[in-house]
Each structure stands twice: as structure tokens, then as C-alpha cells.
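Indexing begins at 1, ligand by ligand and atom by atom, following the structure's order.
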Amino acid sequence: MKTFMIPDESPLRMEDYSHTPVTVSGKRAIVVGGTSGIGQALALGLAADGADVIATSRSEDKVDETATLLEDRGAETARITCDVTDRDSLELVRERAEELFGGVDIVVASQGAISRETVLGVDDDDWEFVTDVALDGVRRVTQTFAPAMAEDGGGSIINISSLSARLSMANLPAYSAAKGGVEAFTRASAKELAPDVRVNAIAPGFFITPQNADTYAEGTEKRARIDKRTPLGRVGEREELIGAAIYLSSDAASFVTGEVLTVDGGFATSAL
Ligand SMILES: NC(=O)c1ccc[n+]([C@@H]2O[C@H](COP(=O)([O-])OP(=O)(O)OC[C@H]3O[C@@H](n4cnc5c(N)ncnc54)[C@H](OP(=O)(O)O)[C@@H]3O)[C@@H](O)[C@H]2O)c1
């Protein structure tokens with residue numbers, strides 16, 4: 001029986017309208033790009049809700065710092081680096097998780113790469129750098145973890161997309177194309193990996209992280225335009241993405257796959 005099928009004896013089949021709790025307590029998670037910004041907030045949020053979490057990225061220092069924060073929240077973890085452009089390094093993370101946890105239930109792909117260029121000016125190196133990390137990186141993460149998750153009874157993958165998959169933003173052609181690809185790849189993966197592995201994406205709006213701290217700093221013209229167009233009137237706090245990730249990776253989302261959940265204060269719904 002697959003994890004995400006509702007068994008005959010499940011309380012969900014009873015007519016008391018009880019629902020599966022929205023929690024990841026007891027689950028085992030990997031957050032790739034989980035040592036800074038959004039990925040780190042998601043890693044710590046999953047841990048605070050009771051998951052064991054490995055947060056991995058290229059930098060040993062960041063991995064170590066985040067592992068200490070995870071341990072502070074009671075999670076079992078491991079200190080292991082990876083680079084999503086290097087398939088072998090992802091394989092080592094999978095093996096480490098297997099040794100430590102006995103398997104993986106949740107994988108979040110939150111690694112980031114950005115390059116600000118025009119459509120006509122972006123060169124092959126910039127294009128390949130961004131798409132290799134942001135799009136091909138998501139493919140490698142899925143290919144590394146999904147087969148073992150499926151064999152182990154099922155799991156949930158969450159790919160971090162962006163509003164730029166749908167809305168044109170100046171000087172981000174490679175990033176936008178990569179994120180459009182991430183959403184299409186999420187749907188393709190959801191179809192192919194069902195019913196064992198559910199695959200969804202989160203599309204964050206504007207959140208201040210090391211990637212964009214200068215561009216969207218308070219007092220800049222860009223920040224004022226974002227705040228004005230956003231119905232909720234402000235940028236997001238990283239912690240405001242945790243609930244979305246917990247929901248999508250919990251058994252409460254057992255019938256949700258191929259979806260992109262936007263968390264943007266309403267920005268994408270607002271014209272002027
Ligand atoms: N911030 C926003 O407003 C916003 C909005 C929409 C979408 N997003 C998306 O959210 C995700 C996280 O962005 P962020 O703003 O949190 O950026 P961030 O703070 O710069 O974090 C990026 C993370 O990715 C890791 N990373 C970078 N290259 C990697 C590689 N080749 N292999 C493995 N890990 C790698 C970094 O660690 P190392 O340097 O140690 O590798 C870091 O942990 C990205 O996918 C981004 O596109 C962000």
C-alpha cells in the first residue's frame with residue numbers, strides 16, 4: 001500500500017469530518033539550498049514542527065551553522081555539503097540520509113542562482129550558470145531522491161519557484177526561464193511519480209534574503225513599488241513560507257500534487 005492512498009480503515013473514511021493533521025512530525029527531510037534565506041527558514045520550520053532535517057549546500061560553514069540551529073530545535077541532522085551541479089554530491093547526501101534516518105520523506109529544492117542581464121545581452125555562460133543550478137539542479141535533486149522515496153513507501157518533493165515563472169521582471173531572462181521550467185518540470189514529475197511521490201512547488205513573492213537584500217532594501221524605489229502593488233502592503237517574512245511547506249509535505253495534502261502554491265501577499269493577483 002502506498003503512503004498517500006487512504007486505507008479502508010482510515011479515519012478519513014469515517015463520516016466525522018476529522019482531517020489528517022497538518023504536521024511533519026516524525027518525518028525525515030532534506031532541504032537542498034537549506035543553509036540561507038528561504039531554504040534555511042523552511043529547514044528550521046520543518047525541524048520546529050518535529051521533523052529530522054538535513055540542510056545542505058556548497059559551503060561547509062553555512063552547513064555547520066544551520067546544523068547547529070537544527071539541533072537547537074531538537075532535530076537529528078548531519079553536516080554534509082552538496083552542489084546541485086554535481087550529481088555525485090547529491091548521491092552522497094542521499095546515502096548519508098539513508099544511514100542516519102533510514103530514508104527520506106520530504107525533499108525541498110531551494111538552491112538559488114541569479115544573473116541580471118537583458119534578453120538580448122545574456123550570454124551563454126550566464127544563461128548556463130543560472131539554468132544549471134535553478135532548473136537542472138531541480139531535475140538532479142528529483143532524480144536523486146525520488147526513486148528511493150518511492151521504494152520506501154512514498155514522499156513529497158517541493159521545488160521553490162518564483163513569480164518570475166509567470167510575470168515578466170526586467171533583466172531576469174535566464175532566471176525567469178529557469179523558474180518557468182521548474183513549474184513545468186514539477187507538473188511532469190507529479191504525473192510520472194504518482195502515486196508514490198507527490199511533487200509540488202511554492203512560488204514565493206518578495207522576501208528579503210541575502211540574494212536580493214540590496215536590490216529590495218527598505219527606502220529603495222523598487223521596494224516602494226513592491227509594497228504599493230502588494231495587496232497586503234509589504235514584503236514577506238521568510239517564516240511566512242513555513243506553513244505552506246509543512247502543509248504540502250504533510251499527509252493533510254495527500255491528494256495535492258502538481259500544484260504551485262503562491263505565497264506573495266497577493267502581488268500576482270494585483271494589476272495596479
Ligand atoms: N528571496 C526571494 O524573494 C525569492 C523569491 C522567489 C523565489 N526565490 C527562490 O527561493 C530560493 C532561495 O532563494 P533565497 O532568496 O533564499 O537565496 P539565498 O539566501 O541566496 O539562498 C540560496 C541557497 O542556495 C544554496 N546554493 C546556491 N548554489 C547552490 C548549488 N550550486 N548547490 C547547492 N546549493 C546551492 C546557497 O548556499 P551555498 O552558497 O552554500 O551553496 C544557499 O543556501 C531560490 O530558488 C530562489 O530563486 C526567492
For D83 and T85, does a side-chain donor sit closer than 3.5 Å to a side-chain acceptor? yes
Close residues, ligand 1: non-hydrogen atom nearer than 4.0 Å: G33, T35, S36, G37, I38, S57, R58, S59, K62, C82, D83, V84, S110, Q111, G112, V133, I160, S161, S162, Y175, K179, P204, G205, F206, F207, T209, P210, Q211, N212
In terms of side-chain heavy atoms, does T186 have a donor or acceptor partner in N159 at a distance below 3.5 Å? yes
List the steps and the verdict of salt bridge (charged side-chain N to carboxylate O under 4.0 Å, His left out) for K222 and D214. CA-CA 10 Å; K222 263 195 182 156; D214 294 340; over 6 Å; no
Pair T56-R96, side-chain donor/acceptor within less than 3.5 Å: no
Going by distance alone, is a donor N or O of one side chain under 3.5 Å from an acceptor N or O of the other, for S164 and S162? yes
Who else is in the cluster with V122 when I, L, V, M, F, W and Y are joined by side-chain contacts under 4.5 Å? W127
